[in-house]
Number of protein chains: 2
Amino acid sequence: MTTIGKLAGVSQVTVSRALSDPSKVSPETMARIREAIEMTGFVPNAVAGALASQKSHLISAIVPSITNVVHAAMVQGFSQIMREQGYEILLSETGFSAQDEEKLVATHLSRRPDAIYLTGIHHTPQTRKMLLSADIPVVEVWDLTDTPIDLCVGFSHSEAGRAMAEFAVQEGYDRVATVSANDERAQRRRAAFSKRYAELTGQDVPSVTWAATASLAGGRDSLRRLIDEHGFEGGLIACSSDMLAHGVMIEARKRGLKVPEDLAVMGFGDQDFAEHLVPSLTTVRVDRPALGRVAADALLARLRDEEVAAPCNDLGFRIVRRESA
Amino acid sequence: MTTIGKLAGVSQVTVSRALSDPSKVSPETMARIREAIEMTGFVPNAVAGALASQKSHLISAIVPSITNVVHAAMVQGFSQIMREQGYEILLSETGFSAQDEEKLVATHLSRRPDAIYLTGIHHTPQTRKMLLSADIPVVEVWDLTDTPIDLCVGFSHSEAGRAMAEFAVQEGYDRVATVSANDERAQRRRAAFSKRYAELTGQDVPSVTWAATASLAGGRDSLRRLIDEHGFEGGLIACSSDMLAHGVMIEARKRGLKVPEDLAVMGFGDQDFAEHLVPSLTTVRVDRPALGRVAADALLARLRDEEVAAPCNDLGFRIVRRESA
DNA sequence: TTGTACGCGTTATCAG
DNA sequence: CTGATAACGCGTACAA
């Protein structure tokens with residue numbers, strides 16, 4: 001800026017002003033400054049700016065995995081809003097590990113983000129402690145809790161599991177099973193499903209857990225195990241994701257089982273492919289981009305020092321009945 | 001650091017040394033410094049560090065879209081390696097627009113990243129200029145060119161298109177068509193496919209472009225148009241992605257067309273679901289995580305000032321023959 | 001409308 | 001092994 005200032009015949013401060021608020025500088029100076037910037041290819045140093053102003057315009061986002069469409073879609077919705085407001089995103093993946101999350105939070109905080117986006121409500125005590133003493137807005141997405149660190153935006157996974165069980169009973173399925181990924185929230189939905197189903201019917205629910213990332217392969221293998229190891233003979237299978245549900249449907253067709261006649265299938269997430277499968281997939285819709293956007297709006301309110309009515313936003317879910325169940 | 005120093009009975013400089021290289025400090029001082037850090041919950045300020053050292057340990061990554069599995073997988077592979085080496089990732093999405101990319105490059109450069117990861121080889125002249133004068137390592141991923149800005153890691157999209165045409169001819173398909181997304185690289189593959197197929201057989205190739213994001217819906221609608229508007233009556237359909245191919249297969253089944261007997265389908269990308277579809281999908285494999293990792297290795301070599309043998313890395317592709325074609 | 005002086009919290013350099 | 005001192009490049013008073 002000093003160099004630009006010399007070229008334009010003004011001081012460094014004037015250049016700084018010109019860039020941050022052109023209205024505070026006379027049109028003629030502005031023109032000369034622009035010209036000097038053009039000539040030199042000057043790019044302001046946001047690092048120095050952040051140090052001086054104590055504002056980084058940086059938001060830290062920590063997600064389990066960016067190749068997971070659920071989290072990718074949420075953070076995409078979040079990022080779009082934040083970027084429009086002049087913030088950029090420092091993104092890292094935990095690989096679903098709270099320990100790794102702790103390390104990431106520490107390194108992210110060292111960059112002095114203006115706010116932080118976390119996935120889920122389960123963090124190590126040390127993570128909570130760091131976040132609390134960092135004294136910046138924090139939003140936890142994709143789940144709800146009575147004791148958020150600061151803000152939270154999500155829906156109740158237990159209620160979603162219960163709603164699926166009630167749907168199963170209403171539709172008259174008297175034999176059900178679950179296929180779930182091995183992540184904590186999927187397991188919470190599964191547990192609520194089984195508990196509610198047992199309450200309503202008195203029956204136990206056989207369940208299979210797929211230990212790796214949700215995939216078609218996982219769904220196919222899980223159905224195989226349900227049949228071979230649990231002697232499952234048809235009814236409804238409630239899956240923890242649309243991807244697993246799709247895998248189950250593929251394996252079912254391969255085995256000559258008709259969906260939904262021999263085997264009904266429910267997914268979770270309502271990914272864009274769900275309605276285009278044949279038969280179309282009955283699933284639970286969660287508006288992922290909206291979760292991200294609401295999280296962004298909540299943070300922005302905090303960053304503008306506005307009053308936040310409620311720390312927690314429940315965006316709910318909705319069962320979408322299609323052909324597969 | 002000054003506070004920590006006081007608590008530990010040393011100067012601020014010593015604290016800085018202790019943190020950056022413990023071996024330069026006596027074990028006893030180190031212990032007291034650790035204790036003081038523990039007590040206060042001190043988190044070093046990387047912004048100030050970056051300003052002083054002129055090293056941000058930040059890598060800028062600019063991708064078309066993070067919900068696109070192709071780019072998500074590449075940047076994931078890339079990030080993992082970079083993070084292990086102490087770098088963090090500032091990630092932004094262009095939405096496939098070179099103009100938006102230009103703006104993003106400008107704002108990213110203001111944060112003084114140590115290197116930058118770009119997707120593809122087509123950038124605005126202004127983007128190239130900024131990057132060149134920033135004088136930091138740049139890697140362009142997912143494509144090849146003779147005139148990279150600095151480094152590039154990818155494969156030849158034209159060759160991939162040609163290889164698919166040659167496969168079609170070898171397998172004896174005498175009626176073919178294409179279904180492609182509306183992105184530049186997909187169109188380049190399509191053009192190469194059609195040209196090569198025409199060279200070998202003298203026949204024109206009907207083609208349909210799906211203007212939005214590749215999806216099952218897109219594949220289904222494209223097959224409909226191919227049949228209704230182009231009078232396509234069977235043969236091989238070469239798709240620009242596995243997702244579109246899957247959509248084509250679903251629509252085919254719905255119309256009572258058997259795959260591959262009535263209609264053969266080829267995808268592109270070899271996503272994890274491809275081998276689990278029924279029939280399994282014949283496609284073109286590109287090792288996306290490897291592209292990201294090689295890009296990371298190339299950048300790291302530059303950052304360590306090592307000699308780089310060749311600026312461009314061709315990681316190639318491979319046709320994976322399965323049941324659908 | 002513009003300029004001066006200072007501070008943001010580190011690292012680098014040199015001296016002890 | 002440790003400390004003093006000067007950058008790093010910008011924002012924020014405050015003054016003119």
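Everything quoted here is computed from the prediction, not taken from an experiment. Chain letters run A, B, ... following the sequence lines, proteins first, then strands; residues in each count from 1.
- Asn45(A) places its CG atom 17 Å from the P atom of dG9(C), with the value rounded to the nearest Å.
- Ranking dG9(C), dT10(C), dG3(D) by closeness to the Phe42(B) side chain, first place goes to dT10(C).
- Residue Ser26(A) places its side chain closer to dT2(C) than to any other of dT2(C), dG9(C), dT10(C).
- In this structure, CD1 of Ile4(B) is placed 15 Å from P of dG3(D), rounded to the nearest angstrom.
- A salt bridge is absent between Glu88(B) and Arg83(B): the closest approach of a Lys/Arg side-chain nitrogen to an acidic carboxylate oxygen does not fall below 4.0 angstrom.
- Closest contact between the side chain of Val13(B) and the listed nucleotides dT5(D), dT2(C), dC8(C) involves dT5(D).
- To the nearest angstrom, P of dC8(C) lies 19 Å from NE2 of His57(A).
- With the nearest nucleotide of DNA chain D identified for both Leu51(A) and Pro27(B), Pro27(B) has the one nearer the 5' end.
- His57(A) and Tyr87(A) have tilted rings, their planes meeting at an angle from 30° to 60° on a 0 to 90° scale.
- Atom pair Gln54(B):CD and dT10(C):P shows a separation of 16 Å (rounding to whole Å applied).
- Regarding contacts with the backbone of dT2(C), a side-chain N or O of Thr29(A) is found under 4.0 angstrom from either OP1 or OP2.
- Regarding contacts with the backbone of dG3(C), a side-chain N or O of Ser11(A) is found under 4.0 angstrom from either OP1 or OP2.
- Val10(B) comes within contact range of the sugar-phosphate backbone alone, with a heavy-atom separation under 4.0 Å but no base atom that close.
- In this model, the phosphate group of dG3(D) is approached by a side-chain N or O of Thr14(B) to a distance below 4.0 Å at OP1 or OP2.
- Looking at Arg188(B) and Glu184(B), a side-chain N of the basic residue comes within less than 4.0 Å of a carboxylate O on the acidic one, giving a salt bridge.
- A donor and an acceptor atom never sit less than 3.5 Å apart when one is taken from the side chain of Arg112(A) and the other from the base of dG9(C).
- With distances taken from any side-chain atom of Ala48(A) to the nucleotides dG9(C), dG3(D), dG9(D), the minimum falls on dG9(D).
- Regarding Met1(B), its CE atom lies at a distance of 6 Å from the C1' atom of dT10(C), rounded to whole Å.
- Regarding Asp21(B), its CG atom lies at a distance of 13 Å from the C1' atom of dT11(C), rounded to whole Å.
- Positionally, the nearest nucleotide of DNA chain C for Ala46(B) lies more toward the 5' end than for the other of Arg17(B) and Ala46(B).
- Between the side chains of His123(A) and Glu101(A), at least one donor-acceptor pair of N or O atoms lies under 3.5 Å.
- Here the C1' atom of nucleotide dG9(D) and the NZ atom of Lys55(A) are 18 Å apart, to the nearest Å.
- Under the 3.5 Å distance criterion, with hydrogens and angles disregarded, no donor-acceptor pair is assigned to the side chains of Thr94(A) and Asp100(A).
- Val25(A) comes within 4.0 angstrom of the backbone, heavy atoms only, and of no base.
- Distance Gln12(A) CD to dG3(C) P: 11 Å, rounded to the nearest Å.
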